[in-house]
Amino acid sequence: MSIAVLPFQNLSANPDNEYFGDGLAEELLNALAKVPDLQVAARTSSFSFKGKSETIGSIGRQLNVGAILEGSVRHSGTRIRIAAQLINVSDGFQLWSETYDRELTDIFTVQDAIARAIVAALKVELLGDIGSQLATRHAANVEAYNLYLRGRYQWHQRGPADVLDAAIQYFEQAIEADSSYALAYAGLADAYAVLPTYAPVSAREAFDRAHAAASKALDLDSTLAEAHASLGYIMDNRWEWIGAEQAYRRAIALNPNYATAHQWYGELLTWTGRVEEAVSETRRAYELDPLSPVINVMYAEALYYADSLEAALRQMKQALELSPNITPALRDLAFWYLAEQRLDEAFRTGLRWIEAGDHEREPFQQVWEGITGARPRAEALDALLAVENSANLDPYDYALLYAALGNDDKALDWLETAAEQKSTFMRLVAVQKLFADFRSQPRFRAVLSATGLY
């Protein structure tokens, strides 16, 4: 059986309460994801329909689920009314509905009651203790819980550094309100862990902070799948490959419906050259969360490095339809086109990548003109050299551009810098086709040895 949980509609007069309906839906989603034999669509995909007028049938088909839970939340003073209904996708009929009127301080009991009612309506055969399977990890007080929800809301936006900074602040405030709240520490770990991908920050410092938060979350709750996945992602970026794989496997065992764990594990399998396993794992993440731009990107990468070029291109285009300015997709696609000698597409996509990162267009237009043959390479190299200290690109990106311009020494200089700084993108170095001609060079072999990939 399968289900999607849509964000609960905010019927309160105050639009600032919007996050509360999202948070309630996410808590229910997380609880249901732990039920054996029940497949739950991931948050990114189910929440993508927020504010849209699509039919239940259309949503069900896009998410490939048999039932959909939707509802609403209305605040009135200190009381809250929650209405929920479970709808069968195949015929549009209601399987179950209920309305709950409670004091706001009783919200955690309401969440558990709704989750149990839905499971009963779906006639899912539960294994083991129903209470422990559906239990959500609540904060000691509503203030901490609300701050956590605000943090997760920001984290799911990804992208600009200020969004992730806001997530970090909310998670830290939740921890101040309840220092024993394991989920808040896991959220803080996630925010710091993905920050180097979206902002020019010290990867070492970010991952040190992420590790401290993930470790604290696991000290408080060793069964928290989110924290195990966070720890795996941190170890992955520190090139601790064996420990990362163990952490990912543990997260998936604790919550097989956690799409992010499948995604991150699939990334690890891609970096380490286990391409068939990588395709399988990232496909599973995609099945759970088909409308996540990031998961579409990583599924495309696995397909590409498994030599399924056309399938990879289709998947990457789908990611860009979902999020037109997602920089990892634009970076990958530009260099894939270049490798295939599709120069016009490489040029256009390369400039989109640079502009999405808020970098100055003119010098990089000269660079890409040199890469694609529309300008002498010597001029393009001069243009790239001129922006080395001002463009704020990752060292790995400079290595890619210099390699594409045929300057192997400069490309290797930047790869060595990226390795020294433990750039988050260095995990791709062993499978990056643009560096294929470097493999016989001692400096490149030394870089690979430093990462422990080969």
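In this chain, residues are counted from 1 in sequence order.
- Separating the CG atom in Leu330 from the CD1 atom in Ile354 is a distance of 10.0 Å, to the nearest 0.5 Å.
- Distance check, rounded to the nearest 0.5 Å: CG of Asp408 to CZ of Phe438 gives 4.0 Å.
- Interatomic distance, Thr282 OG1 to Leu303 CG, rounded to the nearest 0.5 Å: 6.5 Å.
- The residue from Tyr337, Tyr299, Trp336 that alone fulfils the ring pair (Phe, Tyr, Trp, His ring centres under 6.0 Å) condition with Tyr304 is Trp336.
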| Intermediate values then yes/no, side-chain contact (heavy atoms from CB on, under 4.5 Å), Leu63 and Phe49 | CA-CA 10 Å; Leu63 298 180; Phe49 296 98; 3.8 Å; yes
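- At least one donor-acceptor pair closer than 3.5 Å links the side chain of Ser46 to the backbone N or O of Ala42.
- Smallest separation of non-hydrogen atoms from Leu218 and Leu224: CD2-O, 4.2 Å.
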| said: Checking Asn257 against Leu288 for the side-chain contact (heavy atoms from CB on, under 4.5 Å) test, could you report, in this order, the C-alpha distance in whole Å, the side-chain angles of both residues, the deciding distance, and whether it holds? | reply: CA-CA 7 Å; Asn257 284 317; Leu288 289 166; 3.5 Å; yes
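- With hydrogens and angles disregarded, a donor-acceptor distance shorter than 3.5 Å links the side chain of His228 to the backbone of Ser222.
- Side-chain contact of Glu226 with Tyr258: a donor-acceptor pair under 3.5 Å is absent, judged by distance alone.
- In terms of heavy-atom proximity, Gln173 sits nearest to Leu147 at OE1-CD2, 3.4 Å.
- Summarising the geometry, atom CZ belonging to Arg238 is positioned 8.0 Å from atom NZ belonging to Lys422; distances are rounded to the nearest 0.5 Å.
- If you look at Tyr181 and Tyr148, their ring centroids are closer than 6.0 Å.
- Checked for salt-bridge contact, Lys410 and Glu388 meet the test: a charged N lies under 4.0 Å from a carboxylate O.
- Here the CD-CZ distance, from Glu420 to Arg204, works out to 7.0 Å after rounding to the nearest 0.5 Å.
- If you look at Trp368 and Phe347, their ring centroids are not closer than 6.0 Å.
- Considering every non-hydrogen atom in both Arg427 and Trp271, the closest pair reads O-CB, 3.2 Å.
- Each of Glu340, Gln341, Glu345 was compared with Leu343 under the side chain to side chain contact (heavy atoms under 4.5 Å, CB included) criterion, and only Gln341 meets it.
- Within the 3.5 Å criterion, the main-chain N or O of Ala419 finds no donor-acceptor partner in the side chain of Ser423.
- Heavy atoms only, all atoms of each residue included: Gly232 and Ala244 are closest at O-CB, 3.4 Å.
- For Lys317 and Glu321, the salt-bridge test fails: no basic side-chain N is under 4.0 Å from an acidic carboxylate O.
- The main-chain N or O of Leu448 is found under 3.5 Å from a side-chain atom of Thr451 such that the two form a donor-acceptor pair.
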| said: With side-chain contact (heavy atoms from CB on, under 4.5 Å) as the criterion, how do Val447 and Arg443 come out once you've worked through the C-alpha distance, each side chain's angles and the decisive distance to 0.1 Å? | reply: CA-CA 6 Å; Val447 167; Arg443 290 177 68 189; 5.9 Å; no
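- Across all non-hydrogen atoms, the minimal contact from Gly370 to Leu405 is C-CD2, 3.7 Å.
- Side-chain N/O atoms of Gln421 and Thr417 include no donor and acceptor closer than 3.5 Å.
- Of the possible polar contacts, one joining the Asn237 side chain to the Tyr233 backbone as a donor-acceptor pair under 3.5 Å is found.
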| request: Using the side-chain hydrogen bond (donor to acceptor under 3.5 Å, both in side chains) rule, take Glu245 and Tyr265 through it: C-alpha gap first, then chi angles, then the decisive distance, then the call. | output: CA-CA 7 Å; Glu245 181 166 4; Tyr265 184 31; 2.7 Å; yes
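- Under a cutoff of 6.0 Å and an axis angle of 45°, Arg331 and Phe425 form a cation-pi pair.
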| task | Please assess Leu291 against Leu322 for the test side-chain contact (heavy atoms from CB on, under 4.5 Å), listing each intermediate value before the final yes or no. | result | CA-CA 7 Å; Leu291 301 183; Leu322 293 165; 4.2 Å; yes
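- The distance between the ring centers of Tyr396 and Trp414 does not fall below 6.0 angstrom.
- Taking the centre and axis of the six-membered ring of Phe335, the NZ or CZ atom of Lys433 falls outside the cone set by 45° and 6.0 Å.
- Screening Trp241, Tyr248, Trp264 against Asp236 for a side chain to side chain donor-acceptor pair (under 3.5 Å) leaves a single residue, Tyr248.
- For the side chain to side chain donor-acceptor pair (under 3.5 Å) criterion with Tyr286, the lone passing option out of His262, Gln318, Glu281 is Gln318.
- Atom OH of Tyr170 and atom CD1 of Ile168 lie 13.5 Å apart (nearest 0.5 Å).
- When the salt bridge (charged side-chain N to carboxylate O under 4.0 Å, His left out) test is applied to Glu205, the partners found at least two apart in sequence or on another chain are Arg209.
- The closest side-chain donor-acceptor pair between Glu54 and Gln62 falls under 3.5 angstrom.
- Between Gly187 and Arg152, the closest heavy-atom pair is CA-NH2, 3.4 Å.
- Using a cut-off of 4.0 Å between Lys/Arg side-chain N and Asp/Glu carboxylate O, Glu287 and Arg284 are scored as salt-bridged.
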